[in-house]
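The structure appears below as structure tokens.
Computed from a predicted model, the values in this text were never measured in an experiment.
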Amino acid sequence: MAKKEALRELQSRLAERLQAARTQQRGSSWLAVEVAGHGLLFPLREAGEIFAMAPLVPVPHTHRWFMGVANLRGHLHGVVDLAGFLGVKAAEPVAQQAQLVGFNQALDLNCVLLVDRLAGLRGEDQLVREAADAAPRPAFVGARFRDAAGRTWQELSLAALAGDEAFLKIVG
């Protein structure tokens with residue numbers, strides 16, 4: 001029970017900080033998440049509500065990364081295993097601290113992304129942009145950053161992901 005209360009407190013603090021960061025508009029800021037050991041950054045202006053893992057109703061004949069639909073606050077949302085979509089892990093049991101991150105309402109997509117763990121908020125003052133390499137990447141993959149501890153973080157544009165053809169074939 002104490003773990004659930006601690007998780008709710010963390011979600012509440014993150015939600016407050018997300019709202020404050022959205023209204024301040026000082027430089028770039030991101031919601032940092034972990035997916036299959038990879039650090040990812042979602043631009044705050046594109047991220048939506050954060051949900052605890054909810055019961056899923058599977059949808060037959062879809063990709064493995066499309067986990068099904070969930071009723072979140074009275075609305076049906078498609079649930080995408082982000083690690084599976086990105087091809088960075090095989091299907092595994094959902095981690096206990098897994099969370100669902102929604103898209104900003106302005107993106108008009110009833111879909112949430114399953115992430116292994118929330119890692120807080122990051123601002124451009126906490127990260128150093130790494131030089132871009134010439135490797136081809138999908139349009140939703142942005143810049144790569146490194147934090148003071150030496151950890152690499154990859155930016156993912158949720159707006160570009162919402163417009164990605166492979167993604168929209170399933171959730172759109």
Side-chain angles (χ1 to χ4, degrees), residues 1-18 21 28-59 62-73 77-104 107 109-123 126-127 130 137-138 140-162 164 166-167 170-171:
M1 193 69 161
K3 284 185 179 183
K4 283 188 178 185
E5 289 178 24
L7 182 58
R8 283 190 188 116
E9 287 178 29
L10 172 66
Q11 287 177 312
S12 178
R13 285 194 313 268
L14 274 175
E16 289 170 7
R17 289 180 63 196
L18 270 168
S28 297
S29 52
W30 300 271
L31 173 64
V33 301
E34 291 182 9
V35 173
H38 299 273
L40 301 177
L41 300 170
F42 299 154
L44 280 183
R45 68 186 175 281
E46 298 173 7
E49 191 169 354
I50 298 168
F51 301 94
M53 193 61 198
L56 298 174
V57 176
V59 177
T62 60
H63 288 280
R64 292 180 123 186
W65 48 263
F66 188 77
M67 299 179 69
V69 294
N71 182 346
L72 303 171
R73 296 198 196 276
H77 288 74
V79 179
V80 171
D81 177 2
L82 185 56
F85 176 76
L86 296 174
V88 295
K89 79 166 184 178
E92 296 176 6
V94 175
Q96 189 172 7
Q97 70 271 19
Q99 299 284 303
L100 302 172
V101 178
F103 288 76
N104 186 297
L107 297 175
L109 190 63
N110 282 350
C111 180
V112 292
L113 302 173
L114 173 69
V115 299
D116 295 335
R117 189 177 84 79
L118 299 175
L121 300 176
R122 301 291 187 276
Q126 298 171 296
L127 302 167
E130 292 188 338
R137 298 181 205 187
F140 57 84
V141 176
R144 184 174 292 142
F145 297 88
R146 189 167 300 275
D147 64 19
R151 176 142 193 212
T152 301
W153 295 90
Q154 180 68 58
E155 181 180 32
L156 288 185
S157 168
L158 297 180
L161 181 61
D164 182 77
F167 190 77
I170 300 301
V171 301

Can you name the nearest heavy-atom pair linking Pro43 to Ser157, along with the distance? CD-CA, 4.3 Å
Using side-chain contact (heavy atoms from CB on, under 4.5 Å), reason through Asn104 and Leu158 one step at a time and then give a plain yes or no. CA-CA 9 Å; Asn104 186 297; Leu158 297 180; over 6 Å; no
Derivation of the side-chain contact (heavy atoms from CB on, under 4.5 Å) call for Trp30 and Phe145: CA-CA 11 Å; Trp30 300 271; Phe145 297 88; 3.8 Å; yes
Nearest 0.5 Å, please: how far is CZ in Phe66 from CG in Asp81? 12.0 Å
Are any non-hydrogen side-chain atoms of His77 and Glu49 less than 4.5 angstrom apart? no
Rounded to the nearest 0.5 Å, how far does CZ of Arg122 lie from OG of Ser28? 15.0 Å
To the nearest 0.5 Å, tell me how far Phe51 CZ sits from Leu72 CG. 5.0 Å
Pairwise side-chain contact, Leu121 with Leu31, heavy-atom cut-off 4.5 Å (strictly under): yes
Taking the side chain as every heavy atom from C-beta outward, state whether Val80 and Cys111 have any pair of such atoms under 4.5 Å apart. yes
Gap between atom NE2 of His38 and atom CZ of Arg151 - 0.5 Å precision: 9.5 Å
Taking the side chain as C-beta and beyond, is there a heavy-atom pair between Asp164 and Phe85 under 4.5 Å? yes
Over all heavy atoms of both residues, which pair between Ala52 and Leu100 is shortest? Give the atoms and the distance, please. O-CD1, 3.7 Å
Exam field: side chain Glu34 to backbone Leu118, donor-acceptor pair closer than 3.5 Å: no
Candidate pair Leu82 and Val101, rule side-chain contact (heavy atoms from CB on, under 4.5 Å), full reasoning: CA-CA 10 Å; Leu82 185 56; Val101 178; over 6 Å; no
How close do Asp116 and Ala36 get, counting heavy atoms only, and between which atoms? OD2-N, 2.6 Å
Donor-acceptor contact below 3.5 Å, side chain Glu46 vs main chain Ala159: yes
Going from CZ on Arg144 to CD on Glu155, what distance comes out if it is rounded to the nearest 0.5 angstrom? 12.0 Å
Do any N or O atoms from the side chain of Gln154 and from the backbone of Ala143 form a donor-acceptor pair under 3.5 angstrom? yes
Ring pair (Phe, Tyr, Trp, His ring centres under 6.0 Å) partners for His63, two or more places apart: Trp65
Val35 and Leu113: CA distance, side-chain angles, deciding distance, side-chain contact (heavy atoms from CB on, under 4.5 Å) verdict: CA-CA 10 Å; Val35 173; Leu113 302 173; over 6 Å; no
Does the side chain of Met53 come within less than 4.5 Å of Leu114's, by heavy atoms? yes
Correct closest heavy-atom pair for Phe167 and Leu161 would be CD2-O, 3.4 Å
To the nearest 0.5 Å, atom CZ of Arg117 lies from atom CD of Gln97 at 7.5 Å
